Amino acid sequence: MKVITIAKSTAQSICGTLTQTTKMPCKSLSLPTESCITGSRMAQIEGSICSSCYANKGFYSMYQNTIKPAQFARLDAIWQALESDEQAQLWVSGIVSLIGSDSYFRWHDSGDLQSVAHLELIVSVCQATPGCKHWLPTREYGIVKDYVAKHGALPDNLIVRLSAMHPDKPVKLPASLVTIKGITASNVHTSGATVHGVRCTAPDNNGSCADCRACWSDAVVSYEMH
């Protein structure tokens with residue numbers, strides 16, 4: 001997809017603003033948890049990670065009167081981008097403008113993939129920002145499988161993490177994705193339980209990534225339940 005030059009102010013009117021969390025060293029794109037497909041189903045299962053979703057607590061809850069409208073505006077922008085090639089080009093170009101020269105980007109500190117077409121838009125952004133490393137956590141295993149079946153590979157600068165459904169139950173990658181470069185897993189462990197993967201050190205740094213960039217690598221990472 002050809003990316004066109006768009007001013008950041010115009011990009012925000014097309015795509016919505018990006019988010020900057022206190023934990024991460026980069027900007028992100030936050031969507032409403034109400035739009036999660038698998039997550040919404042998992043949220044109804046007691047004991048699942050989604051039933052106690054961090055994106056429905058803390059600052060997300062405290063400032064929901066401003067956060068939620070912005071999240072839904074970003075979601076609406078994505079749906080508009082899926083309506084035509086022209087709208088897709090504007091959205092991709094807008095996100096590229098908002099990322100700018102940043103070295104890292106995280107997709108969806110809240111919310112998740114909506115479709116294969118949505119993932120294709122994200123891939124276009126990654127391809128247009130080769131100097132930026134992208135991290136995409138998702139519970140939409142099926143969407144990722146369908147994308148790989150259609151396209152065969154991910155950009156070198158995109159890490160897709162298949163997120164665990166339950167604490168202390170490590171992710172098992174689907175057979176069709178085991179050998180695909182850039183696809184890995186993220187697990188969740190409770191306090192004192194066995195850690196499956198590289199332990200997230202944010203709890204040791206007041207909730208901040210500090211100088212850790214493991215989530216943008218192909219290592220399996222495990223986060224403490226919070």
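Being a predicted model, the structure only gives us computed values, none of them experimental.
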Closest non-hydrogen contact found for R74 with S30 is NH1-O, 2.9 Å

Under the 3.5 angstrom rule, does the side chain of T129 hit a backbone N or O of V125 as a donor-acceptor pair? yes

Inter-residue atom distance L177.CG - L162.CG, 0.5 Å rounding: 6.0 Å

Any salt bridge linking R139 with D112? Criterion: basic side-chain nitrogen under 4.0 Å from a carboxylate oxygen. no

Backbone N or O of V195 within a donor-acceptor pair of the N187 side chain at under 3.5 Å? no

Nearest heavy-atom pair of L173 and A185: which atoms, and what distance? CD2-CB, 4.3 Å

Residues in ring pair (Phe, Tyr, Trp, His ring centres under 6.0 Å) with H166, at least two apart? none

Would Y223 and V171 show up in the same hydrophobic cluster when neighbours are defined by side-chain heavy atoms closer than 4.5 Å? no

Side-chain donor or acceptor of S110 paired with backbone N/O of L31 under 3.5 Å: yes

Side-chain H-bond candidate by donor/acceptor type, E46 with S51, under 3.5 Å: no

Is T190 reaching over with its side chain to a backbone N or O of A193, donor-acceptor style, under 3.5 angstrom? no

Same cluster for Y104 and L98 if Ile/Leu/Val/Met/Phe/Trp/Tyr side chains link at under 4.5 Å? no

If you group Ile, Leu, Val, Met, Phe, Trp and Tyr by side-chain heavy-atom gaps below 4.5 Å, do L75 and L90 land in one group? no

Single-linkage hydrophobic cluster, 4.5 Å side-chain cutoff, L154 and W135 together: no

Any sub-3.5 Å donor-acceptor pair from S163's side-chain atoms to S186's backbone N or O? no

Donor-acceptor contact below 3.5 Å, side chain S124 vs main chain V92: no

Ignoring hydrogens and angles, state whether a donor on the side chain of D109 or S28 is under 3.5 Å from an acceptor on the partner side chain. yes

Not counting sequence neighbours, list each pair that qualifies as a salt bridge (charged side-chain N to carboxylate O under 4.0 Å, His left out) and has a residue in residues 140-159. E120-K150, D156-K181

Are S222 and H189 linked by a side-chain donor-acceptor pair shorter than 3.5 Å? yes

Transitively linked via ILVMFWY side-chain contacts under 4.5 Å: W91 with W79? yes

Tell me whether H151 contacts the main-chain N or O of Y147 through its side chain, where contact means a donor paired with an acceptor under 3.5 Å. no

What pairs of donor and acceptor atoms, side-chain ones from residues 210-220 against any protein atom, are under 3.5 angstrom apart with sequence neighbours left out?
{"unit_1": "R213", "atom_1": "NH1", "unit_2": "A210", "atom_2": "O", "d": "2.8"}
{"unit_1": "W216", "atom_1": "NE1", "unit_2": "F105", "atom_2": "O", "d": "3.0"}
{"unit_1": "W216", "atom_1": "NE1", "unit_2": "K133", "atom_2": "O", "d": "3.4"}
{"unit_1": "S217", "atom_1": "OG", "unit_2": "A214", "atom_2": "O", "d": "2.7"}
{"unit_1": "S217", "atom_1": "OG", "unit_2": "A219", "atom_2": "N", "d": "3.2"}

Evaluate the criterion side chain to side chain contact (heavy atoms under 4.5 Å, CB included) for residue pair E34 and K68; output intermediate values, then yes/no. CA-CA 10 Å; E34 289 87 345; K68 283 295 182 184; 2.9 Å; yes

Can a donor-acceptor pair be found, under 3.5 Å and without considering hydrogens, that links the side chain of S40 to the backbone of C36? yes

